[in-house]
Colleague: 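Sharing a structure here in structure tokens format.
Below, chains carry the letters A, B, ... as their sequence lines are ordered, and counting in each starts from 1.
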Amino acid sequence: MTNRSLLSFVQYGVLSVAAFLSVFPFFWMVVGATNTSADIIKGKATFGSNLWTNIVNLNAQVDLPRVLFNSFYIAIISTILTLVVASAAGYGFEIFRSKARERLFGGLLLMLSIPFAALMVPLFIMFANAGLINTYSAIIAPSVANIFVIFYFRQATKAFPHELRDAAKIDGLKEYQIFARVYFPVMRSTYAAATIIVFMLNWNNYLWPLIVLQTNEMKTMVLTISSLASAYTPDFGVVMVATILTTLPTLIIFFLLQRLFVQGMLGSVK
Amino acid sequence: MTNTALLKRATTLGLGASLLAMTSAFAGDLNVWAWDPNFNGAAMNKAAEIYKADHPEFNLTFNAFSREEVEQKLQTQLASGTIDGLPDIVLIEDYSAQKFLLSFPGAFEPLTNAFDYTQFADYKVALATVGSETYSVPFDSGVTGWFYRSDILGEAGYSAADLENITWDRFIEIAKDVAAKTGKPMLSLDINDPGMFVILLQSTGHWFFDENGELDIVGNEAFKAALADYTEILQAKEIYKPVSGWAEYTGAFTGGDVAAALTGVWITGTIKAADMPGQWAVAPIPRVDGVEGATNASNLGGSSWYLLTSSQNKDEAKAFFNDVWASNIDFYQDILVGQGAVGSLLASREGAAYQSNDDYFGGQAVWQDFSNWLGQIPGVDYGIFTYEVRSAIATQLPALADGADLDEAIEKIEAEARVLTQ
């Protein structure tokens, strides 16, 4: 064997192990959804015939359409609002110069280090006073001004050519028009990448919805899985079906926006 | 689609959704938070159904969260001091009862005058009592049993009578003998979960705390004796299969890898799900030797219902609890058969289901046995910090299994528990 083929043998070997490790949990979830709870505990790693029963059982225990609607509604509305607010903020922070700018931005970044658990009780009091406990707004509102996404948009905006804005100004566009007609199309792939990140964050959000949602009919998929899995005798087949249903939307969005996502990660403007 | 049309659609969708959100919690409805809809939920809904027959306007909604989630929600909300969105009734695990009752005085409705508590198992009443007030509606008991495979132990030459009224030393002898003869370890054991040690300790009538709620670990003879017995089990590696996590723990006995499970009665559902009728039986748990007052009965887990002071429907809730939970013996037969839930109302053992023989357990009158043991469980004060001390114990268990000095380990447990409970 030549050195070269030995090298590629090692490379493929390492990659295969890495691929197996990252794909196996997914495989296990799909296989588990087709097996009975007892088979899953025994570690059966082949497809079974229990998929339909698991789906029927899940549907009997959970109001699936309602729970899926809750999850989608919260995730979609939060994603749209977050993108609008965070991209405008990122644009503003980068384009407009002022003395306070960096201090304000530094202050925002510092806030990232406050753990959510410390904010939970005051936040709960705020929302209770506003009469918003157990509503969608209570989940959506605190997620909109996402500091990380603002930071991400600001970084991406650094590559946005100021000449474009100057030219648009000369053509008589107002600031909001520049933002909507010039900035937005140019930064398309940044938006795509942010969509995936923000959608996933909101779709998988657990702690705050747990605290602020009080009834079965308001629960999201993630909360539902958690209560299914915590039974004295959990039906793991049902849990696996629910997990697949919860994984699918983020997976689909990722595949749809994959090309743009990779571009967005590399920087929108070349 | 134009932007305006899109906006209109989004607004309509938003309004529709907020309307849907407003359908929750009308006055007169009792809202319940608890875990496990198939166990606690089914029992609560059954009770509601019985009460509803005479009170058609009565309505109860069961909201399912996990046990940790119920505690976290309750804690956040009570700490925030707002009552908006709190349920009327909440299920709290017995180990956490004192923590909630003492941390949030006034949050839970005292029920001392609403019930005749003498009808419930003593230890269940004791754990929900602060000063002269009792707060709980005692629900499921975690009375423990030694669930064993009668076929495997029979093959090794042991009958039910050989397992009665024995000590842990004898248990280890039997387990070693069974392992040698049949190749099956007696138990599955998760070394990170001190649940089994907790069973041993409560059977002695002692706990981690003295009467004043102070740590009582170093110098607690019962604690030392229980830990010594448990260490012997951990060191006899042939008698247990080490597992990690709940699924593996239950998988070991439902899959036939081990011969027994020594745990709370609520495991019955899991054991029956394994579908091995006639191959199982239940014996009382062994006794810790050398401790005065030690019994062959103990408890693991279990929980009780609590009524929140903020509820708008307290009188209705009390009437409901009194009518069903504190007196309806038939109801307790229903949830025993349906969910395998062993309640704490002592009179329920007179009912037909409790009297019956269970074919799954080879015709043994298991429910009579469990209710007899239930009456013998020594009451202990779980205090505020049971879970903190449990985690301090868990840290030392691997070292003990490897032969660490017992007294030193106990000192380390106390030192760590002191830090955790500050």
Side-chain angles (χ1 to χ4, degrees), chain A residues 36-43 57 61-62 66 69-70 72-74 76-77 80 117 120-138 140 180 206-208 210-219 223-236 239, chain B residues 10 13-14 16-18 20-25 31 33 35-41 61-70 72-73 75-77 79-87 246-252 254-257 264 266-275 301 339-340:
Chain A
T36 62
S37 198
D39 281 339
I40 295 172
I41 291 171
K42 279 180 205 150
N57 287 345
Q61 288 176 38
V62 177
R66 181 67 212 241
F69 172 82
N70 293 341
F72 271 112
Y73 184 83
I74 290 170
I76 290 172
I77 303 285
I80 294 170
M120 221 156 62
V121 173
L123 206 57
F124 189 89
I125 298 175
M126 263 175 66
F127 279 92
N129 288 339
L132 288 174
I133 298 302
N134 207 28
T135 62
Y136 297 122
S137 315
I140 295 168
Y206 171 72
L207 189 54
W208 179 241
L210 166 68
I211 299 299
V212 88
L213 296 180
Q214 317 286 41
T215 54
N216 281 339
E217 68 259 29
M218 289 300 290
K219 277 211 261 178
L223 292 181
T224 305
I225 291 181
S226 153
S227 70
L228 281 175
S230 68
Y232 292 122
T233 314
D235 188 333
F236 290 109
V239 174
Chain B
L13 192 68
S18 348
L20 280 172
M22 280 159 63
T23 52
S24 62
N31 255 303
W33 287 356
W35 58 95
D36 202 339
N38 296 327
F39 187 86
N40 298 316
T61 313
F62 182 87
N63 297 296
F65 300 95
S66 77
R67 180 179 63 74
E68 294 83 358
E69 289 172 356
V70 171
Q72 177 148 40
K73 285 171 74 67
Q75 196 142 9
T76 312
Q77 201 149 352
S80 80
T82 52
I83 58 167
D84 202 12
L86 274 176
W246 187 248
E248 259 190 53
Y249 170 75
T250 58
T254 54
D257 296 341
W266 33 260
I267 203 73
T268 309
T270 309
I271 286 177
K272 288 194 171 177
D275 206 18
Q339 281 71 51

Colleague: Measure A:Ile80 against the heavy atoms of chain B and call it side chain, backbone, both or neither at under 4.5 Å.
Modeller: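 Contact with chain B involves no heavy atom of A:Ile80 at all.
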Colleague: Let me know if B:Asn40 has heavy atoms under 4.5 Å from chain A in its side chain, its backbone, both or neither.
Modeller: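 Contact with chain A involves the side chain of B:Asn40 alone.
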Colleague: Angle class for the A:Phe124/A:Trp208 ring planes (parallel below 30°, perpendicular above 60°, tilted otherwise)?
Modeller: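 Answer is perpendicular, since the angle exceeds 60°.
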Colleague: Less than 4.5 Å apart, side chain to side chain, heavy atoms only: is that true for B:Ile271 and B:Thr268?
Modeller: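 Not in contact.
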Colleague: Check B:Thr270 against B:Thr254 and note the closest heavy-atom contact, atom names and distance.
Modeller: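 The pair with the smallest heavy-atom distance is O-CG2, 3.6 Å.
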Colleague: Are the side chains of B:Glu68 and A:Ser226 in contact, using a 4.5 Å heavy-atom criterion?
Modeller: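 No, their side chains stay 4.5 Å or more apart.
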Colleague: Would you please test A:Asn134 and A:Thr215 for side chain to side chain donor-acceptor pair (under 3.5 Å) and show each step?
Modeller: CA-CA 7 Å; A:Asn134 207 28; A:Thr215 54; 3.1 Å; yes
Colleague: Of the backbone (N, CA, C, O) and the side chain (C-beta and beyond), which part of A:Phe127 lies under 4.5 Å from a heavy atom of chain B, both, or neither?
Modeller: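 For A:Phe127, there is no contact with chain B at all, as no heavy atom is under 4.5 Å.
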Colleague: Of the backbone (N, CA, C, O) and the side chain (C-beta and beyond), which part of B:Phe65 lies under 4.5 Å from a heavy atom of chain A, both, or neither?
Modeller: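 Contact with chain A involves both backbone and side-chain atoms of B:Phe65.
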Colleague: Below 4.5 Å from any heavy atom of chain B, which atoms of A:Leu123 appear? Answer side chain, backbone, both or neither.
Modeller: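 Neither; nothing under 4.5 Å.
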Colleague: Are B:Gln72 and A:Met120 side-chain neighbours, meaning at least one heavy-atom pair lies under 4.5 Å?
Modeller: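 In contact.
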Colleague: Could you have a look at B:Ser80, B:Gly301, B:Pro87, B:Gly269 and say which one has the most heavy-atom pairs with chain A under 4.5 angstrom?
Modeller: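 Among the listed options, the one with the most contacts to chain A is B:Ser80.
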Colleague: Heavy-atom distance under 4.5 Å between the side chains of B:Phe62 and B:Asn31, does that happen here?
Modeller: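 Result no, sub-4.5 Å side-chain heavy-atom pair not found.
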Colleague: Please state whether the side chain, the backbone, both or neither of A:Ala38 comes within less than 4.5 Å of a heavy atom of chain B.
Modeller: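 For A:Ala38, there is no contact with chain B at all, as no heavy atom is under 4.5 Å.
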Colleague: Which residue out of B:Ile83, B:Thr82, B:Thr250 racks up the most heavy-atom pairs below 4.5 Å with chain A?
Modeller: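 Heavy-atom pairs under 4.5 Å are most numerous for B:Thr82.
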Colleague: Counting heavy-atom pairs under 4.5 Å with chain B, which one of A:Leu210, A:Ile76, A:Ile133 comes out on top?
Modeller: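 Looking at each option in turn, the highest pair count goes to A:Leu210.
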Colleague: Among A:Leu228, A:Ile211, A:Ile125, which residue forms the greatest number of heavy-atom pairs with chain B at distances under 4.5 Å?
Modeller: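 The candidate making the most pairs under 4.5 Å is A:Ile211.
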